[in-house]
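Notes to accompany the following structure.
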There are 2 protein chains.
Amino acid sequence: MTAIFDSLSEPIARRVTAGLAKIALVLRSRAWKGAGAAGVTPTQGQALGLLRDAPDGIGLRAIAKLLGVTPPTASDAVNTLVAKGLVTKAPGADRRSINLVLTPRGETLADQTREWPSFLADAVDTLDPVEQAALLRALVKVIRSLQQAGDVPLQRMCLTCTFFRPNVHHDAAAPHHCAYVDAPFGDRHLRLACPEHAPASVEEQERAWQAFAPLRTPPGADAHAAGRSD
Amino acid sequence: MTAIFDSLSEPIARRVTAGLAKIALVLRSRAWKGAGAAGVTPTQGQALGLLRDAPDGIGLRAIAKLLGVTPPTASDAVNTLVAKGLVTKAPGADRRSINLVLTPRGETLADQTREWPSFLADAVDTLDPVEQAALLRALVKVIRSLQQAGDVPLQRMCLTCTFFRPNVHHDAAAPHHCAYVDAPFGDRHLRLACPEHAPASVEEQERAWQAFAPLRTPPGADAHAAGRSD
DNA sequence: CCCACTATGTTAGGAGTCCGAACAATGTTG
DNA sequence: CAACATTGTTCGGACTCCTAACATAGTGGG
């Protein structure tokens, strides 16, 4: 009955991708606007953010991988940050490797660059809580898929965490369980960058995925969901 | 009961934003990888894509706004494209304005750069159709919100189209109606860049939004949906 | 008609983002 | 110890961005 649209339109995955690309565009654009004010450029700001999450410091290689750029590019950005007095290069475990750590000023600035995408957070906040949870869940799944395909480095998210127990409770609001804090939680609490994350084995991950992935719709909603798909 | 997580975690809007930012990162990174092969850089590729959607050609100012950059930057990119023989500068209506049009080679290349984000489309395709629709719907709402805030130029999407009649049918799979093709459709068919888009007046948009925004969950699913929130 | 005023696009200069290629230096392994 | 792999750097070059300062072309009021 909606065959007209299914045949006329681009596939939904394309349109979703286009939407994500539009948002990506705005994020980049806004980052540049905020750049002048803070005295750091988008890439530099993102590097600061990464270092903020890694108090012990990390190597250049890791930064490059997380930023999605080549080592030379990361080296450029880091050197600029060092010149600006926001980061210091400490010797690493190896005598060839370096350990990047934020200076106090760097920490302050990192907290500011964190605020860059707040305009987007405001937009997300206008959504209904149910929609927010669905959006987060969908993003988590997409990112997992990207990770599986090797398009993205390993993320510290629940889905790959050894403490994650998906869909073990009957409470629809909080069906999952975190064995680290030993507490139940729901889709809306899913994390993408958990400090306590501990990588699960491949088998564990696969099991967690199987338990997490399917949509848990109660009998009443089932017909609806089925009718909506195509 | 899930108070622990609500107090320990960052707000959900932040985590969603972080997820979107991660995807934005990959998109940028992949665009650069594809750049070398195609002989054009990400910005140039995006410009080609914009021109592909505007067969009559558009001005430099418009390109700049759509790309989210300043006119000089757009001028740079366009000049490079002209030098590469992918775009021509035709005189515009004004004697000061120019009209950018793709050359045949430009069209061919534009179709190729379109494929850059297909890896992301693949990831989205792994989602359940119901989730895809929810994701698209959420993105549409977020983008509308960004548009309202002036963070994004006007998009050719259903929500701002004079032909859009949200939630006028009882069919849960296709509650909306497009007065242009005179056919019902559902969330999964929502468009972000419709060629037939005609801007609606502010009042029309507001009315459409009021009718579209609320979550329409059928009675059976209602308890579930409510229970799923926090 | 002419003087602001506005709009479109350009140039100039400078910092930064990216890449690939080629290097050093340090570990690792057969 | 000789390959080999790993970490980070330097180099050259194309492109991305910005702000500021210009041209030039339409517009409106006096």
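In the text below, chain A, chain B and the rest are named by the order of the sequence lines, each starting its count at 1. Basis for what follows: all heavy atoms, side chains included, without hydrogens, waters or symmetry-related copies.
- The residue among A:D76 and B:K89 whose nearest nucleotide of DNA chain C is located toward the 5' end is B:K89.
- A straight line from CG of A:L25 to P of D:dT16 spans 13 Å, rounded to a whole angstrom.
- In this structure, B:T73 reaches the D:dC18 phosphate: one of its side-chain N or O atoms is under 4.0 Å from OP1 or OP2.
- We find that CG of A:L86 is positioned 11 Å from P of C:dG16, with the value rounded to whole Å.
- In terms of heavy atoms, A:T160 sits closest to A:Q155 at OG1-O, 3.2 Å.
- For the pair A:R30 and A:W116, the cation-pi test (distance below 6.0 Å, angle within 45°) is failed.
- Between C:dC19 and A:T70, a contact under 4.0 Å exists linking OP1 or OP2 to a side-chain N or O.
- Residues from residues 40-60 of chain B that place a heavy atom under 4.0 Å from any atom of DNA chain D, listed by number: B:T41, B:T43, B:Q44.
- Here C:dG16 is the nucleotide among C:dG16, C:dC19, D:dT16 with the atom lying nearest to any side-chain atom of A:K84.
- The separation between B:I63 atom CD1 and D:dC17 atom P is 14 Å, rounded to whole Å.
- Both B:G39 and A:S29 sit near DNA chain D, but only B:G39 has its closest nucleotide nearer the 5' end.
- Residue-level contact check: A:S97 touches the backbone only, with heavy atoms under 4.0 Å from sugar-phosphate atoms and none from bases.
- If you measure from atom CZ of A:R61 to atom P of C:dT26, you get 17 Å, rounded to the nearest angstrom.
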Using a 4.0 Å heavy-atom cut-off, write out nucleotides 21-28 of chain D from 5' to 3' as B (base contacted by protein), S (sugar-phosphate only) or - (no contact).
----BS--
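- The environment of NZ in A:K84 is crowded: more than 12 heavy-atom neighbours from other residues, nucleotides or ligands sit within 6.0 Å.
- Looking only at atom types and distance, the side chain of A:Q44 has a donor-acceptor partner in the side chain of A:T41 under 3.5 Å away.
- Aromatic rings from B:H177 and B:F185 are positioned such that their centres are separated by 6.0 Å or more.
- A salt bridge is absent between B:E10 and A:R114; no separation between the charged side-chain nitrogens and carboxylate oxygens falls under 4.0 Å.
- Rounded to a whole Å, the CG atom of A:N79 is 14 Å from the C1' atom of C:dT17.
- Between the C1' atom of C:dG9 and the CG atom of B:N99 lies a distance of 14 Å, rounded to the nearest Å.
- Among A:L86, A:L51, A:L60, A:T73, the single residue meeting the side chain to side chain contact (heavy atoms under 4.5 Å, CB included) criterion with A:V78 is A:L60.
- Between the CZ atom of B:R28 and the P atom of C:dG16 there is a distance of 17 Å, rounded to whole Å.
- Rounded to whole angstrom, the span from the CH2 atom of B:W32 across to the P atom of D:dT16 amounts to 6 Å.
- The minimum heavy-atom distance between A:N99 and A:D56, with the atom names listed, is ND2-O, 2.9 Å.
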Apply side-chain hydrogen bond (donor to acceptor under 3.5 Å, both in side chains) to the pair A:S9 and B:R191, showing each step before the final yes or no.
CA-CA 8 Å; A:S9 292; B:R191 291 180 175 188; 3.1 Å; yes
